[in-house]
Amino acid sequence: MPRTIDLDSYAKGVLEGSRAHIARAITLVESRRADHRELAQQLLTTLLPHSGGARRVGISGVPGVGKSTFIDALGTLLTERGHRVAVLAVDPSSSRTGGSILGDKTRMERLAVNPAAFVRPSPTAGTLGGVAKATRETMIVMEAAGYDVVLVETVGVGQSEATVAQMVDSFLLLTLARTGDQLQGIKKGVLEIADVLAVNKADGPHERDARSAARELAGALRLMRPQALGSARAGETPLTDTAWTPPVLTCSGREGSGLDEVWERLERHRAVLESTGELTAKRRDQQVEWVWSMVRDDLLSRLEQHQDVRRLAPLLEERVREGSLTATLAAQRIVEAFGLR
Ligand SMILES: Nc1nc2c(ncn2[C@@H]2O[C@H](COP(=O)(O)OP(=O)(O)OP(=O)(O)O)[C@@H](O)[C@H]2O)c(=O)[nH]1
């Protein structure tokens with residue numbers, strides 16, 4: 001990063017779609033230095049009115065499901081149709097291992113050299129909250145630069161799928177041919193947030209299995225979805241979009257088959273959201289929820305670093321372990337210790 005940062009030239013470069021400026025803007029957005037953070041917020045404030053124009057799609061699936069191959073093929077297809085495609089990633093494991101599982105350029109060979117595409121590996125900014133914040137802000141940069149499709153890839157670790165669902169319009173779950181008991185292995189939470197599902201690697205000898213797995217999964221979803229809707233209390237946003245039944249498709253990233261239909265369904269999902277006014281509401285709610293998630297992250301990290309809390313916590317934990325203090329009282333003391341300063 002240069003010593004002095006000319007924000008006007010950064011903003012102008014991004015709006016003109018200059019790759020060098022986009023890269024610099026993202027580096028600024030990802031920086032954890034206090035002065036950079038302030039500059040990043042100024043830059044984002046300038047770019048914000050130019051953002052919001054992209055179709056935002058989250059893509060998830062267990063390691064090995066074929067995400068890279070799929071995104072490489074889908075992204076290429078979309079650029080051929082005149083779209084400009086940004087691929088971002090949310091991979092909280094990258095901060096632990098020091099290496100990113102997702103978004104590695106070499107994993108998407110065609111897109112990495114495609115002038116209409118921009119592939120950005122997951123930021124390694126510590127917590128899931130930190131990674132998600134950088135990715136959300138990078139999304140603003142990419143949209144301001146004229147990318148009209150943003151694909152946010154995530155690996156199904158912990159809360160990462162739910163976090164990505166909070167920043168996209170539609171969520172695609174890639175899965176493999178599984179039947180019966182194996183279906184149980186798919187996390188229920190991710191089935192609830194998926195808007196489109198696709199059984200990948202439906203090619204060669206696997207094609208038939210993939211089709212029957214898709215039918216079975218569709219059946220399982222039908223049993224599950226009404227419950228998800230019914231369980232939302234009055235006044236709460238239901239977990240699923242009211243006018244939408246998630247389709248289960250088959251595709252092959254390697255052969256490029258079925259990708260057309262997957263995209264078409266994602267487009268249709270967005271059209272339904274738009275026609276019911278849910279898209280605008282969803283994006284607004286996401287912004288508000290983002291505010292609170294940052295507040296929670298910030299408070300938690302302050303609490304964890306608070307001197308009195310750090311001193312007290314091990315003693316309280318020990319007493320809870322040996323059963324001489326209730327969990328409730330321990331929690332109260334920690335919060336009190338935080339509040340005294
Ligand atoms: N038969 C078949 N194999 C595929 C397909 N897509 C990917 N593969 C293979 O599956 C393996 C994983 O593919 P990737 O695209 O790297 O999958 P990924 O989900 O990104 O994997 P991780 O990087 O582990 O998360 C590779 O050996 C691919 O060659 C497909 O559509 N059909």
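Note that ligands are numbered from 1 as they come in the structure, with each ligand's atoms numbered from 1 the same way. Hydrogens, waters and symmetry mates are skipped; everything else that's a heavy atom, side chains included, is used.
Tested against E289, the residues K282, R296, R284 include a single salt bridge (charged side-chain N to carboxylate O under 4.0 Å, His left out) partner, R296.
The local environment of CZ in R302 is sparse, with at most 12 non-hydrogen atoms from other residues, nucleotides or ligands closer than 6.0 Å.
V85 is not listed as a side-chain neighbour of Y147, based on a closest heavy-atom distance of 4.5 Å or more. Using a 4.5 Å heavy-atom cutoff, the side chains of L111 and I71 are in contact.
For ligand 1, the polar-atom distance check against S68 finds a nitrogen or oxygen pair separated by under 3.5 Å. At least one N or O atom of G253 sits closer than 3.5 Å to an N or O atom of ligand 1. For ligand 1, the polar-atom distance check finds no N/O of F70 at less than 3.5 Å from any of the ligand's N/O atoms.
Comparing E207, K201, R254, E255 against atom 10 (O) of ligand 1, the shortest heavy-atom distance belongs to K201.
Of all atoms in ligand 1, listed by their number and element, those nearer than 4.0 Å to a heavy atom of T69 are 6 (N), 7 (C), 13 (O), 14 (P), 15 (O).
When non-hydrogen atoms are compared, ligand 1 lies under 4.0 Å from the side chain of D203 (C-beta onward) but not from its backbone.
Screening residues 138-149 for salt bridge (charged side-chain N to carboxylate O under 4.0 Å, His left out) gives R56-E143 as the qualifying pairs, with residues at least two apart or on separate chains.
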